[in-house]
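Read the numbers this way: they start at 1 and go in the same order the structure lists the ligands and their atoms. Please read all numbers here as calculations on a predicted model, not as lab measurements.
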Amino acid sequence: MIPRKNAGRASPFFLMVLAFGFFLATYNLLTLVMHKADKSETDTKELNDPIVSRPNELRKGGGAKFHVAVTATDGVYNKWQCRIMYYWYKKMKEVPGSDMGGFTRVLHSGKPDNLMEEMPTLVVDPLPEGLDQGYVVLNRPWAFVQWLEKATIEEDYILMAEPDHVFVNPLPNLAHGNHPAAFPFFYITPKEHEKIVRKYYPEEKGPVTNIDPIGNSPVIIKKSLLEKVAPTWMNVSLRMKNDPETDKVFGWVLEMYGYAVASALHGVRHILRKDFMLQPPWDLEVGNKFIIHYTYGCDYNMKGELTYGKIGEWRFDKRSHLSGPPPRNISLPPPGVPESVIRLVKAVNEASANIPNWDTL
Ligand SMILES: *[C@@H]1O[C@H](CO)[C@@H](O)[C@H](O)[C@H]1NC(C)=O
Ligand SMILES: *[C@@H]1O[C@H](CO)[C@@H](O)[C@H](O)[C@H]1NC(C)=O
């Protein structure tokens, strides 16, 4: 279904991954080379601008189209989320103001699954056994590297999305030329981890404040830039994972730091958009924001009070549905619960009601 080019080219890279151990020794040389490459290949003047933050700039669509790419495994837990996500992609794509183009689920389980017919999917290889050390998200950069090599992508821009993203407003292209757009995460703080970050972002590259407080998703980025950043992202993430100190300090957000550092190594600065995404239950209203990210559990008592950390009498938590999809027609939360949570449940219900074989697939 997906047109391919260079379909056979993944394997040399695969071997490069295996040769990763040797890479550590040559890293200094490599950064020197990348440093040079940046100077010659990109418009350094534009990319070296101080951080461009246009949080209130209105974008009403009409921009360059971007391809929506979501990386996923073939686990049921990922599948039901992808189905909901794809439903809302199709719906929001048609709303005026959207710059959404095509869609690809980049399936990094190495083999097709039973959603191939339901949504455009490209199968890529997982990391070689053991390399992720059980940290599955390390597969993401490798999945993007393979996808960019194998697929013919019509659009010049790419949105890196995740299965637990629900589009709640038509998403315009928030990027600006060579400046990608990203959501700032309060817990990504390169400055507070200068000693560790410097292992991957040498001083000659500049201050650690060049590293944006972001992860790879959600990000809308020019395809030609992602083609440069993705392999570095993979290398940096693997090096971080293999360094016990880094692994311990960064923990579950290691791969986010991997992207933040890798993009900075290429001189890329992101436009930080707080309105890119909202995260119930902490963000209370959808408003003009674009994506609901339902990574946190929503637990409430019947008075509509948040009981976070304690299982609520009413709850919606994606982690309650690890081995099968949530039921259709989840009951709406009690009165007093924030609008963002109500919208989330309604979005999940609308998708599950309209997706054939929702609970039998
Ligand atoms: C990634 O690492 C491999 C070796 O494992 C190396 O050949 C390749 O050039 C590196 N790529 C980048 C962009 O750092
Ligand atoms: C969903 O559940 C509510 C009760 O919680 C019920 O009133 C309603 O008819 C149900 N809707 C559908 C489509 O099953």
From the options W147, Y89, F144, select the one residue that forms a ring-ring contact (aromatic ring centres under 6.0 Å, His included) with H67. W147
At a 4.0 angstrom heavy-atom cut-off, ligand 2 is contacted by N329
With sequence neighbours excluded, what pairs up with N114 under the side-chain contact (heavy atoms from CB on, under 4.5 Å) test? K79, L361
Using the ring-ring contact (aromatic ring centres under 6.0 Å, His included) rule, take W252 and Y187 through it: C-alpha gap first, then chi angles, then the decisive distance, then the call. CA-CA 11 Å; W252 64 277; Y187 52 78; 5.5 Å; yes
Tell me, please, which residues at least two apart from Y87 pass ring-ring contact (aromatic ring centres under 6.0 Å, His included). none
Measure the acute angle between the ring planes of W358 and W80, then classify it against the limits of 30° and 60° as parallel, tilted or perpendicular. perpendicular
Could I get the full list of ring-ring contact (aromatic ring centres under 6.0 Å, His included) partners for F183, not counting sequence neighbours? F185
